[in-house]
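This structure is a prediction, so every number in the text was calculated from the model and none was measured. Numbers restart at 1 for each chain; the letters A, B, ... are given by sequence-line order, proteins then strands.
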There are 2 protein chains.
Amino acid sequence: MRRKPQQGREKAGDAPKHPEFEDRPVRGERGRAPVTGPRRGEADWIRHIQRTWGPSGAEVDLGDDACVLPPARYAVTTDALVEGVDFERRWAPPEALGHKALAANLSDLAAVGAMPRFLLLTLGIPDGLEDGYVEGLLDGMRNLARREGVGLCGGDLSGSPGGLVLSLTLIGLAGDRPLTRAGGRPGDALYLSGSVGGARAALRAFQQGAVLDRFEEAPPKDPVQGLLDRFYRPPAQTLLGLSLARPGGATCCIDVSDGLALDLHRLCGASGCGAVVEAERIPVDPRAGEWSEESAREAVLGGEDQVLLFAAGGEPDPEWVGAAGPPFRIGRLVEGEALELRWPGGRSEPLLPRGFDHFVR
Amino acid sequence: MRRKPQQGREKAGDAPKHPEFEDRPVRGERGRAPVTGPRRGEADWIRHIQRTWGPSGAEVDLGDDACVLPPARYAVTTDALVEGVDFERRWAPPEALGHKALAANLSDLAAVGAMPRFLLLTLGIPDGLEDGYVEGLLDGMRNLARREGVGLCGGDLSGSPGGLVLSLTLIGLAGDRPLTRAGGRPGDALYLSGSVGGARAALRAFQQGAVLDRFEEAPPKDPVQGLLDRFYRPPAQTLLGLSLARPGGATCCIDVSDGLALDLHRLCGASGCGAVVEAERIPVDPRAGEWSEESAREAVLGGEDQVLLFAAGGEPDPEWVGAAGPPFRIGRLVEGEALELRWPGGRSEPLLPRGFDHFVR
């Protein structure tokens, strides 16, 4: 863990005697005035993180030039959240943001059927961001990490002249037969592990001024706050991913992060087949509205649903249960390349690879 | 590899049939006007990267939700470069920046004696940055990756409302006995694998308006350009790190990235001992000036030298040769906690843990 803040507060006495994080001091202030407010110094952050996260289980842990992991077959994913692109700070408490950043990576590992174990965290912290915000972010991330058995084994702390940047690398134990996007076959049934459209509806609400008031262990009961909470709390599906990766499980799998339409195109592209989706079977998040043609069309374009979309040959296994319950069967894979969306009454249309880009225009 | 640019150029026809990168389209433009210039779309970047980098050797490669690596004991490091904090774009061609970003991570792996293998690359690309710049950056990184046997197996492409952000995670094969910072013993001789002070002097020159004109396979012969080049071209030391990690090799090792003074404090803190450094033995980069008390003091504060600082009990092994030749013996580890800097003539002073923060004020 390295620290490269833009202010230069490291003094001789600040250097830890046994630095278990790599506490890199200031690089390149480029003439900027140092922040003189209450912002915590790098050595303090290091102690804070050590105290609150504890050892990760790596053979060489945080605080060396690299961590060393026990021998295994590892799956690795990386996903960044950028302020002003993926979120605005005013939308929610920092705990929600920390949770979401890790959850997005967990969802990627679940899609290959891996068991999450080790996290590397890079933070780009803007000048003047309050200590409490960063602490909250780390708290939200750590609470989820504990539940998922994830240890923090490395990272890099830096200043950021733009907004807050979080870049995570999550490493998990992969089985002998990792799930990929490429194994689907015509005839396989197509499933979604949870509802879609909630994160998209929440994002719209945030853009119209809504704010998530708090982020606690249990989601809020209030339906409006519950919808906003959904944006930051993708359903846990690690165990589902592990089940899907077992022999006789799913033939292919993808994490739906850019909408069902676009991610189904990716899944079918990798598997070399087409698909038919029954529109009335699309599980529209009830917090985003009742099922209707309009809500289903919105949900298909989705964005950051972070549920699993997978295909399987036989009957669904009763063990295939994620945080959202049993999976929803929404259609099937077919021969060819075409993706078809079937509406009640027999109407049918091409399912175009449109995704998260379109609703923000 | 995911792409989250701020402009939304993905059209139906852009979606690759067999996406081997994860081409994530726009997330959260937040009302920003789309860039309508020549900037390459995400699907195009994906094809560009696939074509130029090729397969990484991972069991599940680029383009799935996570990559899966062959079973092994892995060392992992992560290091970010942030525009306006670590570099300015005007200082050098993009190839130099791509080279440096990977080289900084290579140096961290060398310090634990690991063999670099897999790279995950996250780019935050500001609006309007020319395609040619990103291509150059990728070229510079890939040229070094090829020489070092590193494959690109994952990543995340995003927009950035601030400057350019590069966040790399580098994964290497660790031996049974990884080098750490913690094994040094009083009496061990202390070595530097290369000269120090060059990157610091180059940074000063950049801040005064110097520009590195080109970045090619061989460093420039012109001494001024050679100094600037040093900032972007830390010496290759993967093989040295592997040698040092062998039985009977180094007892402890650190990558000097914040100056000899500060990083020696870290090494001694982790090893639980003190050190004596002979100032006249400090290998000041000749491009930064001849050895003098002043140049030695500058070099000690250093910054981004990215050479290895290590200790060893016996005589140096003739195999301990990095790109800069045999290592320089600069002093020894001693009992206690104190770090002492000895000047010619017998004068002595405490070596304070001051680093890279101080010269930019």
Between [X] and [Y], is there a donor-acceptor pair closer than 3.5 Å when you use the side chain of the first and the backbone of the second?
X        : Y        : value
A:Asp64  : B:Arg181 : yes
B:Asp108 : A:Ala66  : no
B:Ser167 : A:Ser167 : no

Would a 4.5 Å heavy-atom cut-off, applied to side chains only, mark [X] and [Y] as touching?
X        : Y       : result
A:Cys153 : B:Val76 : no
B:Asp65  : A:Thr77 : no
B:Ser160 : A:Val85 : no

Taking all non-hydrogen atoms of both residues into account, name the closest pair between A:Asp156 and B:Ala80 and its distance.
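Heavy atoms of A:Asp156 and B:Ala80 come nearest at OD2-N, 2.6 Å.
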
If every non-hydrogen atom of B:Pro161 is compared with every non-hydrogen atom of A:Val82, which pair is closest and at what distance?
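Taking B:Pro161 first and A:Val82 second, the nearest heavy atoms are CD-CG1, 3.5 Å.
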
Quick one: what part of [X] sits under 4.5 Å from any heavy atom of chain A, side chain, backbone, both or neither?
X        : value
B:Thr180 : both
B:Pro178 : side chain
B:Ile171 : side chain
B:Leu69  : both
B:Val112 : side chain

Gap separating the OH atom of A:Tyr74 from the CD atom of B:Glu59, nearest 0.5 angstrom:
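The OH atom of A:Tyr74 sits 13.5 Å away from the CD atom of B:Glu59.
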
Name the region of A:Ala72, side chain, backbone, both or neither, that has any atom closer than 4.5 Å to a heavy atom of chain B.
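When you check distances to chain B, only backbone atoms of A:Ala72 fall under 4.5 Å.
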
Can you spot which of A:Thr122, A:Thr169, A:Thr78 makes a side-chain hydrogen bond (donor to acceptor under 3.5 Å, both in side chains) with B:Thr169?
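Answer after filtering A:Thr122, A:Thr169, A:Thr78: A:Thr169.
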
Closest-packed option against chain A by number of heavy-atom pairs under 4.5 Å, given B:Asn105, B:Leu109, B:Leu120:
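The option with the most such pairs is B:Leu120.
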
Identify, with sequence neighbours excluded, every residue that meets salt bridge (charged side-chain N to carboxylate O under 4.0 Å, His left out) alongside A:Arg89.
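Here the qualifying residues are A:Glu83.
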
